[in-house]
Structure formats: C-alpha cells, structure tokens
Enquirer: 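To start, I am sharing the structure in question, which I have written as structure tokens.
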Amino acid sequence: MFDYQAPSQLLKGKTIMVTGAGDGIGKAAALTYAEHGATVILLGRTTKKLEAVYDAIEAKGYPQAAIVPLNLDGASEHEYRELANTLTSEFDQLDGVLHNASLLGERCDLQHYDIRLFEQVMRVNVTSQLALTQALMPLLKKSPAASIIFTSSGVGRTAKAKWGAYAISKFATEAMMQLFANELAESQPNIRANAINPGATKTAMRAAAYPNEDPNSLPSATDIMPLYLYLMGKDSLTINGQSLNAQ
Ligand SMILES: NC(=O)c1ccc[n+]([C@@H]2O[C@H](COP(=O)([O-])OP(=O)(O)OC[C@H]3O[C@@H](n4cnc5c(N)ncnc54)[C@H](OP(=O)(O)O)[C@@H]3O)[C@@H](O)[C@H]2O)c1
C-alpha cells in the first residue's frame, strides 16, 4: 500500500468534488476527505446513493456535504454551465476534484466491440472529465493550491486483451492528466494534476470484471485511501503530472 500517514485535519477548510461518490472507491474517498476536514461535493448519477453518503457524513459530524446529481453519460454543455453557476454561488473556491466515476463496458475482443457502448464508455470515462474540468476551472483558479486527480488503471498503461473501450479510455485519461499538468504548470501553477491507479480493489466494478474472484482476497476501498489523501493535501504540492499506484 502507498505509505502515507495523513494528519487528522489535512483537508480542513478545503472544498473537494468527488465524482461517482455514491459507491465503491468514490464513496470511500468522499467519506475519507470529509473525515479529514473537507467539505465534499458529492457528484453521481444515483441520488439515493449520494444521499446515503451525505447522511453518513452528517452522522459523523464532519463538515456538511453537498449533493450534485448528474449523469455523466451525455450531460449537456448547458448542464455543466449550470453546475458551475450553482457551485460559484455557493463556494468561493474549489480546492480539489477527484475524477473517479467510470463505466467498465464490455469485456470482449475489440473487433467485436459494440460501437454504441464504445462511445458511451468514452463519454463517461473521458469526455465528461474534460467538460467537468473546464466548467470547474474558474473555481479551481481561485484556490491557492488545487489538486485535480484522475483515476487510471493498470490497463491504462498496458492494454490487456479484452479490456476494450475501458482500456482505451484509461490511456486517454492518462493523456488528459499529462496535458493538464504540463499546460497548467505554465499558466496556472497553483493547480496540479495527477493520476491514481487504484489497483485491484473490492468494489462492484471489480466483481463485474472478475466474477470468479473471491472479493475478500482484495483490499477494500478504504484500505487504498492513503494515496488519495496524499495527492489531495499539502504534502503533494510539488507533485504534478505523475501517475501513482495506490497499492
Ligand atoms: N475497483 C478496482 O479494482 C479498480 C481498479 C482500477 C481502476 N479502478 C477505477 O476506480 C474508479 C472507481 O471504480 P470502482 O471500482 O469504485 O467502481 P464502482 O463501484 O462501479 O463505482 C463507480 C462509480 O461511478 C459512478 N458512475 C458510473 N457511471 C456514471 C455516470 N454516467 N454518471 C455519474 N456517475 C457514474 C457510479 O454511479 P452509480 O453508483 O450510480 O452506479 C459509481 O458511483 C473507476 O475510475 C475505475 O475505473 C477501479
């Protein structure tokens, strides 16, 4: 596991958005960031799941969260603009974004991959990250030290057979992270961008990809949080353009 011991109030006073915050790794990240003092903006497509995370944060007495229901599959430019307007009216700045929401798609040979599904995976896993980052940029620019974290995968570095659109989307995610990191280093050095490869983690997505695996042989989403904290907090201020392993 990535070796980092976060101070208990590492993220005190920070406002952080987490996409796909209703389940799996995003849910664990939202709870962990709130536990470390952040106001967390929970973005996802299933409002009930977001409400459950919101309630869990409230029950623990962490800073009150905010819920943003948004389906990243085909959200319009208008919806992203509206989202930016709403957040601007409620928050002075945004100190971090964890791009975590993703679709697995189909596990099959690329020559047989359904084109519509391919486009859907690319929309959710790639295009939406760009649209959202663009919409949030004015608020990120107001932070003295903002962190954008993208979520990659082992198959975003080596495309293994039958990982289809998902692997291609994760290669694209790595490229998007590098582009933002290199460009912002010039124009906006208060914003850094990095990527996390979570590694095999016990979630619904992992179970769908490996139905014959014993989930209890895997680390939980909570176990892999040290890197998520490190990249969001002040101890990673000089880290930019890196792709790091949570395990
Ligand atoms: N688990 C692993 O072993 C592993 C390994 C490598 C990389 N990753 C990456 O880690 C990240 C989290 O994965 P996970 O394992 O936690 O997966 P997960 O349990 O399936 O969670 C994915 C989250 O993304 C949300 N989401 C999916 N489509 C969406 C859409 N159209 N609009 C808004 N939200 C949407 C889901 O919302 P709903 O709850 O509404 O479905 C869910 O909250 C992903 O980027 C994944 O590629 C995971």
Side-chain angles (χ1 to χ4, degrees), residues 1-2 17-32 40-54 56 67-76 79-80 83 97-107 116-117 119-132 148-160 163-174 176-177 194-211 213-225 227-228 231 243-247:
M1 214 55 69
F2 183 84
M17 174 179 281
V18 177
T19 74
D23 214 336
I25 294 169
K27 176 180 177 177
L31 290 165
T32 302
V40 184
I41 302 169
L42 309 164
L43 186 147
R45 65 177 168 183
T46 310
T47 306
K48 264 199 158 145
K49 290 186 183 181
L50 300 177
E51 285 170 351
V53 178
Y54 178 100
I67 290 181
V68 177
L70 187 72
N71 187 342
L72 296 170
D73 182 12
S76 65
E79 283 174 276
Y80 285 109
L83 166 65
V97 186
L98 171 63
H99 290 293
N100 162 82
S102 273
L103 270 188
L104 178 63
E106 209 181 345
R107 301 282 313 279
R116 284 193 178 199
L117 181 60
E119 288 178 338
Q120 186 188 14
V121 171
M122 295 302 283
R123 270 196 307 276
V124 175
N125 296 9
V126 183
T127 314
S128 77
Q129 298 186 137
L130 176 59
L132 187 59
I148 306 174
I149 303 177
F150 291 90
T151 306
S152 185
S153 165
V155 296
R157 296 173 184 166
T158 305
K160 287 195 288 183
W163 279 85
Y166 180 85
I168 294 172
S169 77
K170 295 300 184 182
F171 268 76
T173 295
E174 294 266 357
M176 195 182 295
M177 176 278 287
N194 295 284
I196 291 177
N197 167 21
T201 307
K202 186 167 67 174
T203 67
M205 183 188 287
R206 176 74 192 186
Y210 293 91
E213 182 179 67
D214 173 10
N216 291 322
S217 65
L218 302 173
S220 73
T222 308
D223 293 335
I224 64 167
M225 286 299 121
L227 180 58
Y228 286 76
L231 282 181
S243 188
L244 301 174
N245 295 324
Q247 299 183 43

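Model, not experiment: these values are computed from the prediction. When a residue number appears, it is its place in the shown sequence, counting from 1. Note that ligands are numbered from 1 as they come in the structure, with each ligand's atoms numbered from 1 the same way.
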Enquirer: When you compare the side chains of Lys202 and Asn216, does any donor N or O come within less than 3.5 Å of an acceptor on the partner?
Expert: yes

Enquirer: Show me which atoms of ligand 1 lie under 4.0 Å from any heavy atom of Thr151.
Expert: 9 (C), 10 (O), 11 (C), 45 (O)

Enquirer: Does Lys170 have a heavy atom less than 4.0 Å from any atom of ligand 1?
Expert: yes

Enquirer: Do ligand 1 and Asn197 have nitrogen or oxygen atoms that lie under 3.5 Å from each other?
Expert: no

Enquirer: Please check whether Thr203 reaches ligand 1 - meaning an N/O of the residue sits under 3.5 Å from an N/O of the ligand, judged on distance alone.
Expert: yes

Enquirer: Using only atom types and a distance under 3.5 Å, with no angle test, would you say the side chain of Thr201 pairs donor to acceptor with the backbone of Pro219?
Expert: no

Enquirer: If you measure every N/O of Leu72 against every N/O of ligand 1, is any gap under 3.5 Å?
Expert: yes

Enquirer: Determine whether any heavy atom of Ser152 lies closer than 4.0 Å to an atom of ligand 1.
Expert: yes

Enquirer: Return the closest protein heavy atom for atom 6 (C) of ligand 1 as residue, atom name and distance.
Expert: Pro198 CD, 3.7 Å

Enquirer: Check for a donor-acceptor pair, side chain of Glu174 on one end and backbone N or O of Arg157 on the other, with a separation under 3.5 Å.
Expert: no

Enquirer: Between Leu132 and Met17, is there a side-chain heavy-atom distance shorter than 4.5 Å?
Expert: yes

Enquirer: State whether the side chain of Asn125 and the backbone N or O of Leu103 hold a donor-acceptor pair below 3.5 Å, judged by distance alone.
Expert: yes

Enquirer: Considering only the protein, which heavy-atom contact is closest to atom 26 (N) of ligand 1, and what is its distance?
Expert: Ala101 CB, 3.9 Å

Enquirer: Using modelled atom types only, decide if a donor and an acceptor are shared between the side chain of Lys49 and the backbone of Ala21 within a distance under 3.5 Å.
Expert: no

Enquirer: Got a donor-acceptor contact below 3.5 angstrom from the Thr19 side chain to the Asn100 backbone?
Expert: yes

Enquirer: What residues form a side-chain contact (heavy atoms from CB on, under 4.5 Å) with Ala167, not counting sequence neighbours?
Expert: Val155, Ala159, Trp163

Enquirer: So which protein heavy atom does atom 3 (O) of ligand 1 come closest to, and at what separation?
Expert: Thr201 N, 2.9 Å

Enquirer: Got the closest protein heavy atom to atom 22 (C) of ligand 1, with its distance?
Expert: Ser102 O, 4.1 Å

Enquirer: Decide whether an N or O pair under 3.5 Å exists between Ile25 and ligand 1.
Expert: yes

Enquirer: For Gly199, is the nearest heavy atom under 4.0 Å from an atom of ligand 1?
Expert: yes

Enquirer: Does any N or O in the side chain of Asn197 come within less than 3.5 Å of the main-chain N or O of Asn245, such that one atom is a donor and the other an acceptor?
Expert: no

Enquirer: For Leu98 and Tyr228: C-alpha separation, side-chain torsions, deciding distance, then whether side chain to side chain contact (heavy atoms under 4.5 Å, CB included) applies.
Expert: CA-CA 9 Å; Leu98 171 63; Tyr228 286 76; 3.8 Å; yes

Enquirer: Quick check on contacts: which atoms of ligand 1 are under 4.0 angstrom from a heavy atom of Lys49?
Expert: 38 (P), 39 (O), 41 (O)

Enquirer: Taking Pro198's backbone N and O only, do any of them form a donor-acceptor pair with Gln247's side chain (distance below 3.5 Å, no angle check)?
Expert: yes

Enquirer: What protein heavy atom lies closest to atom 46 (C) of ligand 1? Include the residue and the distance to one decimal.
Expert: Tyr166 OH, 3.5 Å

Enquirer: Test Ile149 against every option in Leu244, Asn194, Val18, Leu231 by the side-chain contact (heavy atoms from CB on, under 4.5 Å) rule and name the one that passes.
Expert: Leu231

Enquirer: I'd like to know whether ligand 1 has Leu70 as a neighbour, heavy-atom separation below 4.0 Å.
Expert: yes

Enquirer: Find all atoms of ligand 1 within a distance of less than 4.0 Å from any non-hydrogen atom belonging to Asp73, and give their numbers and elements.
Expert: 31 (N)

Enquirer: So, the side chain of Arg45 versus the backbone of Leu72: is there a donor-acceptor pair under 3.5 Å, distance only?
Expert: no

Enquirer: Using the side-chain contact (heavy atoms from CB on, under 4.5 Å) criterion, which residues pair with Ser76? Sequence neighbours excluded.
Expert: His78, Glu79

Enquirer: Nearest to atom 42 (C) of ligand 1, what protein heavy atom do you find, and at what distance?
Expert: Asp23 CB, 4.0 Å

Enquirer: Geometry only, no angles: is Gly20 polar-contacting ligand 1 at N/O separations under 3.5 Å?
Expert: yes

Enquirer: Taking 4.0 angstrom as the limit and counting only heavy atoms of Gly24, give me the atoms of ligand 1 inside it, by number and element.
Expert: 16 (O), 19 (O)

Enquirer: To the nearest 0.1 Å, how far is atom 37 (O) of ligand 1 from its closest protein heavy atom, and which atom is that?
Expert: Arg45 NE, 3.6 Å

Enquirer: I need the atoms of ligand 1 closer than 4.0 Å to a non-hydrogen atom of Thr46, numbered in the order shown.
Expert: 38 (P), 40 (O)

Enquirer: Report the nearest protein non-hydrogen atom to atom 20 (O) of ligand 1: residue, atom name, distance rounded to 0.1 Å.
Expert: Met205 CB, 3.5 Å

Enquirer: Enumerate the atoms of ligand 1 whose separation from the nearest heavy atom of Ala200 is less than 4.0 angstrom.
Expert: 3 (O)

